[in-house]
Amino acid sequence: MLIAATVAIFIAMLLAIFRGIAGPTLYDRILAVNTFGTKTVLMISLLGFVMGRPEFLDIAIVYALINFISVIGVLRYSDTDQFKHTPPNKKSEEEL
Amino acid sequence: MLIGLFNNWVVIVLMMSGLYIVIAQGNLIKKLVGLTIFQTSVFIFYISMAKVSGGSAPILDQEISVYSNPLPHVLILTAIVVGIATTALGLSLVVRIKESYGTIEEEEIQQQDNLQNQKENKVEVKE
Amino acid sequence: MELLITIVSGLFLLVGSFLCLSGGVGIIRFPDFYTRMHAVGVTDTLGSVMILTGLMMQSSDLLVIAKLIMVLLLILLVGPTTSHVLAKAAFHNGLQPKGLSTENKHNNKESSSSNT
Amino acid sequence: MINIVLLSLLVVVAIGIIRMKDLFAVVMLTGIYGLLSASFFVAMDAVDVAFTEAAVGAGISTLLMLVVITMTGRKEKATRHKPFAALFVVVITGGLLVYGTLDMPLFGSADAPIHNHVAPRYLNDSMQEIGIPNVVTSVLASYRAFDTFGEVVVIFTAGIGVLAMLFAHRRREEDEKLAAINDSMHEKHLVIRIVTKMLIPFILLFALYVQFHGDYGPGGGFQAGVIFSSAIVLYAMLFGLSAARRVVNQGFIQLMAAFGVLCYGCVGIASLLNGGNFFDYNVLSNDPVAGQHLGILLIEWGVGVTVASIMIIIFFSFAGRREIQQYVEQNKNKESV
């Protein structure tokens, strides 16, 4: 059952990567990174159990924290200022 | 054989992707990303060398007898933090280049430098 | 009793991985950002709760359970917050949900270009 | 098996990075790349490395690149000439490297040369000699302490370099105006401010746990430093740089960066004065193992303080530079209006 869950998480990760590469908007990419981070947390926890040493869950905690911080940072620096100020010719309609 | 060397080949592919970005693409930030990829491929190489099949993480425990090699872990652990520090230094250079040249494209910087040189040469000839 | 716990935790894991997978399909297949975010934001949180609960049942060590609870609390706190902020930021910066009329989108674009 | 899947995903992401022209997307993919390589490190038993890579690769480095992109522009210009020469060099080098791998020991083989020299000694004797279960920490802080000292000095130097490049003295009234701009910007993020306020003490506490639990589980000074600094970075992002500067004074943090390196070096000198070699902790106490514990504790503390301070300094420098650029731009706009 652990293996099945790990495989499922892997597939979900792959799909998130495709969304991250395909875009098309900035927010799709942020969303992809965010879900990818959550999936990574789950996968680390599962891997600990699969490999038989589940005491390294500290890493999963770090992942959850860092994921939060990086998403907030990305929003903070993409939300305001520069990306709004870019003249329209630089920013195609899709990329908004 | 195929599975035994797969890690090494992926390392080579990643390393060459990094090298390609550094050589072929003109944007300085992209170049730094390429350097990061190159760096990470080296990390992956070290860490996959350290793995012993059937081994466990090198944190000693009574019930476990086979451990992976701890030495590459130590080297890479410090290398990662040094890597981010040097990347930050590179990024600060990029910021300064942007401030003085107004661009971070390699070709445009080169053009501006050439123009500058030509001007200086002309001034010298006149004098 | 042992068997029961194994079965129940297996069920939790299965449901969790199904939820994660369906979220993954949603992020690929849905037409625009808001629907994708809806698919992922909801299933991700519940899916991780399910998987982590399933793992908690399988572990005997108290410390491991405590750490899993910490991860669970973090995900419960962080997941919805990031979804909320993402949607808000996207909406404030003028990303229109698909299905609103294209004229609307056009107007929006014109006004933004006249501003800058 | 897991490693094959993860490595294939890494290749996919790397190719995506090559093909992207939008630098924002590149940075996002770099974040995913960091997370992926960190999960690979977990699968390869390198828990300490995964810890560091998670905090660094996915967190700080993504943020720094993002800040720089907001300063330098988002789009990459297409290069005019075709990259055939580069492709040629890359293919030739790659081919030679693949040829070189044919003699490499196979993945996971226990009799590879790397496992036959110092590693058995570290694994077998470190429990008696050092007395802590995490072998990575004992190698890092005791057997190879001199090496680690060099790394800490490199980080310190890089921090000084960034400071020298980007430091700009700002006047007080500018500072207040910038703070006003920032405050107006944060009014709308109410939910996230509250959640952040709940999380920050937890992150700081967790950093201290990682710092002092590094002997028994994954963790140590490097990881703790990065996590601690990311809490401050989070605060600075949400509540403005001026508020963060009031919490962590710039002069104080510069002092702490130097103090960490000094603390590390002093342990070495103390062991010299006690009659041992440089970084030979056995002489620090009557009992060799207790001496080792003391030495490792002090050294990890020095590493943690330095890394945390340098990361905070680096972020403050970049964000401060960005705020000043914004200020200048706004003044220009006002004049033109």
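Letters A, B, ... are given to chains in the order of the sequence lines, protein chains preceding strands, and every chain is numbered from 1. If you're wondering where the values come from, they're calculated on a predicted model, not measured in any experiment.
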To the nearest 0.5 Å, how far apart are [atom1] in [X] and [atom2] in [Y]?
X      : Y     : atom1 : atom2 : value
D/L140 : B/L75 : CG    : CG    : 9.5 Å
D/I314 : B/T87 : CD1   : OG1   : 9.5 Å
D/T52  : B/I84 : OG1   : CD1   : 12.5 Å
D/T93  : B/M15 : OG1   : CE    : 10.5 Å

Using every non-hydrogen atom in the two residues, find where [X] and [Y] come nearest and quote the distance to one decimal.
X      : Y     : answer
D/D45  : B/H73 : O-CE1, 3.6 Å
D/M44  : B/S68 : O-OG, 4.4 Å
B/K30  : D/M20 : NZ-O, 2.8 Å
D/M71  : B/K98 : O-CE, 3.8 Å
D/A164 : B/R96 : O-NH1, 4.5 Å
D/Q325 : B/E99 : NE2-OE2, 2.9 Å

Engaged part of [X] at the chain D interface, taking heavy atoms whose separation is under 4.5 Å:
X      : answer
B/Y101 : neither
B/V82  : both
B/A88  : both
B/I12  : side chain
B/L14  : side chain

- Taking atom types as modelled and ignoring hydrogens, do the side chains of B/N8 and D/T101 form a donor-acceptor contact shorter than 3.5 angstrom? no
Is chain B contacted by the side chain of [X], its backbone, both, or neither, given a heavy-atom distance below 4.5 Å?
X      : value
D/P218 : both
D/F315 : neither
D/V49  : both

- Carefully, step by step, assess D/F318 and B/V95 under the rule side chain to side chain contact (heavy atoms under 4.5 Å, CB included). CA-CA 9 Å; D/F318 278 99; B/V95 169; 4.0 Å; yes
- Under the criterion side chain to side chain contact (heavy atoms under 4.5 Å, CB included), which of B/L60, B/N69, B/V74, B/I59 is the partner of D/V135? B/L60
- Note on the structure: When D/Q223, D/M311, D/E151 are each screened for side chain to side chain contact (heavy atoms under 4.5 Å, CB included) with B/V81, the one that passes is D/M311
- Task: Under 4.5 Å, counting heavy-atom pairs only, tell me which of B/I80, B/L93, B/L89 racks up the most with chain D.
- Result: B/I80
